[in-house]
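Lettering of chains follows the sequences in order, A, B, ..., and the numbering in each one begins at 1.
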Number of protein chains: 2
Amino acid sequence: MSSRVLIIEDDPVIRRFVRSSLETEGCEVFEADCAGRGLIEAGTRQPELLILDLGLPDRDGLEVIRDVRSWSRIPIIVLSARTQESEKVAALDAGADDYLVKPFGVPELLARVRAQVRRQASMAVGEQAVFGFGDVTVDMIRRRVTRAGEEVHLTPIEYRLLTALIRGHGRVLTHRQLMTDAWGPGYAERTHYLRIYMKQLREKLEQSPAQPAHLLTETGVGYRLLS
Amino acid sequence: MSSRVLIIEDDPVIRRFVRSSLETEGCEVFEADCAGRGLIEAGTRQPELLILDLGLPDRDGLEVIRDVRSWSRIPIIVLSARTQESEKVAALDAGADDYLVKPFGVPELLARVRAQVRRQASMAVGEQAVFGFGDVTVDMIRRRVTRAGEEVHLTPIEYRLLTALIRGHGRVLTHRQLMTDAWGPGYAERTHYLRIYMKQLREKLEQSPAQPAHLLTETGVGYRLLS
DNA sequence: CAAGCGCGTAAAGATTGCGTTAAGAAAATT
DNA sequence: AATTTTCTTAACGCAATCTTTACGCGCTTG
């Protein structure tokens with residue numbers, strides 16, 4: 001993980017405890033035992049994650065959240081002994097990203113830290129989700145399908161059917177499964193539609209639609225997409 | 001808040017319950033009662049947040065998380081009756097952003113939804129100042145649109161619609177998405193406005209408005225700006 | 001070998017969605 | 001207050017899409 005994490009927590013036991021857990025994960029950890037010091041550390045150390053105790057001696061935790069949020073968007077995970085729902089709501093609405101009630105398990109804390117860091121990191125770059133088979137490319141984000149570079153137009157149902165097949169690629173998907181996925185529940189019995197739409201997909205995507213290489217029939221069961 | 005939220009949950013009671021809570025917050029809500037259908041909805045509805053029950057009938061919730069994560073980064077909030085820490089860790093590490101144990105309080109759920117949506121929004125794509133397609137230039141800062149050097153006058157809604165298309169250029173944007181972006185929530189259903197305003201934009205920006213090269217129709221789905 | 005089943009293919013009908021026009025209502029400008 | 005601009009509503013024809021119907025082929029089975 002190797003992130004820079006700042007802990008603002010007045011209880012030295014918990015602080016050291018959380019610190020060592022994070023360090024075994026490969027994080028670089030900074031500490032502060034009160035709000036004033038914490039805000040300074042946050043400004044100078046430029047951490048990528050903030051773990052904040054709400055019950056600080058010098059100032060209310062909510063103030064700290066608002067202060068940090070006025071100049072930064074780093075993820076904030078709140079630790080607190082207060083279990084009241086209103087406390088959670090207040091902290092989250094003040095700008096916290098997660099709220100963990102004490103006592104908490106270290107594995108859960110670490111998992112939540114990982115989740116926040118991962119998210120932060122993944123925001124940085126714009127990747128794209130594309131699935132390919134043969135000379136076909138399916139861009140799930142742009143909702144675009146190309147064949148040999150040329151864009152292929154699919155109708156709404158054709159597209160939904162294709163994505164259903166992609167999600168289970170390799171596996172055999174039953175008629176009913178595909179029908180409810182692409183058409184919705186209540187259409188499960190009209191499996192005849194599948195034959196019509198599979199033909200259209202083959203026509204648009206297969207090299208020789210009569211001898212499909214990827215959109216395969218599993219007689220008596222359903223269909224399967226081979227990538 | 002006005003976000004598009006997809007709920008994948010097999011228990012119809014909880015589903016309706018969560019749905020109405022979200023709707024009073026101004027969200028547009030979609031539902032699915034199983035994993036297969038949920039994944040299709042996620043791919044075609046383009047929600048901004050996913051609320052996922054781990055105990056689905058047809059597939060394991062973790063699989064759903066991984067599947068979605070393979071092509072999307074939308075925030076995922078997991079609901080589950082399982083309180084075991086290992087379950088939480090597994091879900092978070094699979095790609096979930098938050099984990100809420102049933103039974104949960106609605107205010108807390110809503111606060112966590114707000115936190116996720118807020119974060120998502122603040123991360124929003126590094127907006128570039130000027131965008132161009134064909135012989136058209138759009139300066140988002142000066143709010144100026146030119147075509148072949150000549151300034152083009154756009155009405156407020158025309159401009160908002162255009163910038164909504166630009167924000168998702170390349171992607172297919174659904175009718176509802178464009179409506180809420182350009183008109184605001186509450187107008188999601190009046191998709192026929194789009195036809196009128198798309199015509200006006202084409203008239204003002206396309207070389208041959210009847211055969212648009214950039215402002216494309218995706219029948220049954222929405223529109224797309226090709227740069 | 002004939003009957004039945006599942007699948008592929010084709011084409012016509014029904015439905016939905018889109019483009020287009022025009023005119024009235026509301027808002028902004030003068 | 002008058003005028004212009006912009007937004008909303010309604011209506012209609014056409015195109016895209018979905019659904020229905022029909023038929024032929026190959027395979028299995030009695």
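Residues K204(B) and K199(B) have side chains not in contact (no heavy-atom distance under 4.5 Å, counting atoms from C-beta outward). Taking the side chain as every heavy atom from C-beta outward, D98(A) and R112(B) approach each other to under 4.5 Å. In this structure, the side chains of V106(B) and S21(B) come closer than 4.5 Å at one or more pairs of heavy atoms. Taking 4.5 Å as the limit, some side-chain heavy atom of I77(B) sits within range of a side-chain heavy atom of V113(B). Annotation: side chain of L22(B) is in contact with side chain of L110(B) (closest heavy-atom distance under 4.5 Å). Proximity of T191(B) to M179(B): side-chain heavy atoms (C-beta onward) are separated by under 4.5 Å at one or more points.
Atoms CG (L201(A)) and P (dG8(C)) sit 12 Å apart, rounded to a whole Å. A straight line from CG of L194(A) to P of dG8(C) spans 10 Å, rounded to a whole angstrom. Here dT6(D) presents its P atom at 16 Å from CD of E203(B), a figure rounded to the nearest Å. The interatomic distance linking Y193(B) (OH) with dG19(C) (C1') rounds to 17 Å, in whole Å.
Shown for residues 181-189 of chain A: residues whose heavy atoms fall under 4.0 angstrom of DNA chain D, namely W183(A), Y187(A). Residues from residues 152-176 of chain A lying near DNA chain D, meaning a heavy-atom separation below 4.0 Å, are H153(A), T155(A), P156(A), I157(A) in numerical order. Annotation: proximity of residues 208-220 of chain A to DNA chain D (heavy atom, distance under 4.0 Å) is found for no residue.
Remark: E151(A) CD is packed, more than 12 non-hydrogen atoms of other residues, nucleotides or ligands lying under 6.0 Å away.
When each of dT8(D), dG8(C), dT20(C) is scored by its nearest atom to the side-chain atoms of R195(B), the top-ranked nucleotide is dT20(C).
Residue pairs meeting the salt bridge (charged side-chain N to carboxylate O under 4.0 Å, His left out) criterion with at least one member in residues 208-222 of chain A, sequence neighbours excluded: E218(A)-R224(A). Annotation: salt bridge (charged side-chain N to carboxylate O under 4.0 Å, His left out) contacts involving residues 179-193 of chain A, sequence neighbours excluded, comprise R176(A)-E189(A). Sorted by first and then second residue, the ring-ring contact (aromatic ring centres under 6.0 Å, His included) pairs with a member in residues 15-57 of chain B form an empty list; sequence neighbours excluded.
Remark: D58(B) engages no residue in a salt bridge (charged side-chain N to carboxylate O under 4.0 Å, His left out) (not counting sequence neighbours). Under the rule for a salt bridge (charged side-chain N to carboxylate O under 4.0 Å, His left out), the partners of E31(B) that lie at least two apart in sequence or sit in another chain are R15(B), R19(B).
Phosphate contact (OP1/OP2 of dT20(D), side-chain N/O of R190(A), threshold under 4.0 Å): present. For the OP1/OP2 pair of dG8(C) and a distance below 4.0 Å, the side-chain nitrogens and oxygens of R202(A) include at least one atom meeting the criterion. For the OP1/OP2 pair of dC18(C) and a distance below 4.0 Å, the side-chain nitrogens and oxygens of K199(B) include no atom meeting the criterion.
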Taking only nitrogen or oxygen atoms into account, show me every contact under 3.5 Å that the protein makes with nucleotides 26-30 of chain D, one pair per line with its distance.
none

Please list, pair by pair, any protein nitrogen or oxygen found under 3.5 Å from a nitrogen or oxygen in nucleotides 14-16 of chain C.
none

If you restrict it to nitrogen or oxygen atoms, what contacts under 3.5 Å exist between nucleotides 21-23 of chain D and the protein, and what is each distance?
from: dT21(D); atom 1: O4; to: H192(A); atom 2: NE2; distance (Å): 3.2

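Salt bridge K102(B)/E9(B): present, at least one basic N to carboxylate O contact under 4.0 Å. Between R69(B) and D97(B) there is a salt bridge, since a side-chain N of the basic residue sits under 4.0 Å from a carboxylate O of the acidic one. At a threshold of 4.0 Å, the pair R171(B)-D139(A) does not count as salt-bridged, since none of the basic side-chain nitrogens sits closer than that to a carboxylate oxygen.
Of the possible donor and acceptor atoms, one in the side chain of S80(A) sits under 3.5 Å from a partner among the backbone N and O of R82(A). Side chain of H169(B) to main chain of L226(B): no donor-acceptor pair is present (N/O by atom type, distance under 3.5 Å, no hydrogens or angles). The closest donor-acceptor contact from the side chain of R4(B) to the backbone of V29(B) lies at 3.5 Å or more, if one exists at all.
Contact between E48(A) and P75(A) at its shortest, heavy atoms only, is O-CD, 3.3 Å. The shortest heavy-atom contact between K88(A) and E108(B) is NZ-OE1, 3.1 Å.
Terminal axes of the helix from dC1(C)-dG30(D) to dT30(C)-dA1(D) (five pairs each, C1' rotation axis) are separated by 30°, to the nearest 10°.
At a threshold of 4.0 angstrom between heavy atoms, the contacts of Y197(B) include nucleobase atoms, whether or not backbone atoms are also involved.
Atom CG of residue D33(B) and atom CG of residue D10(B) lie 7.5 Å apart, to the nearest 0.5 angstrom.
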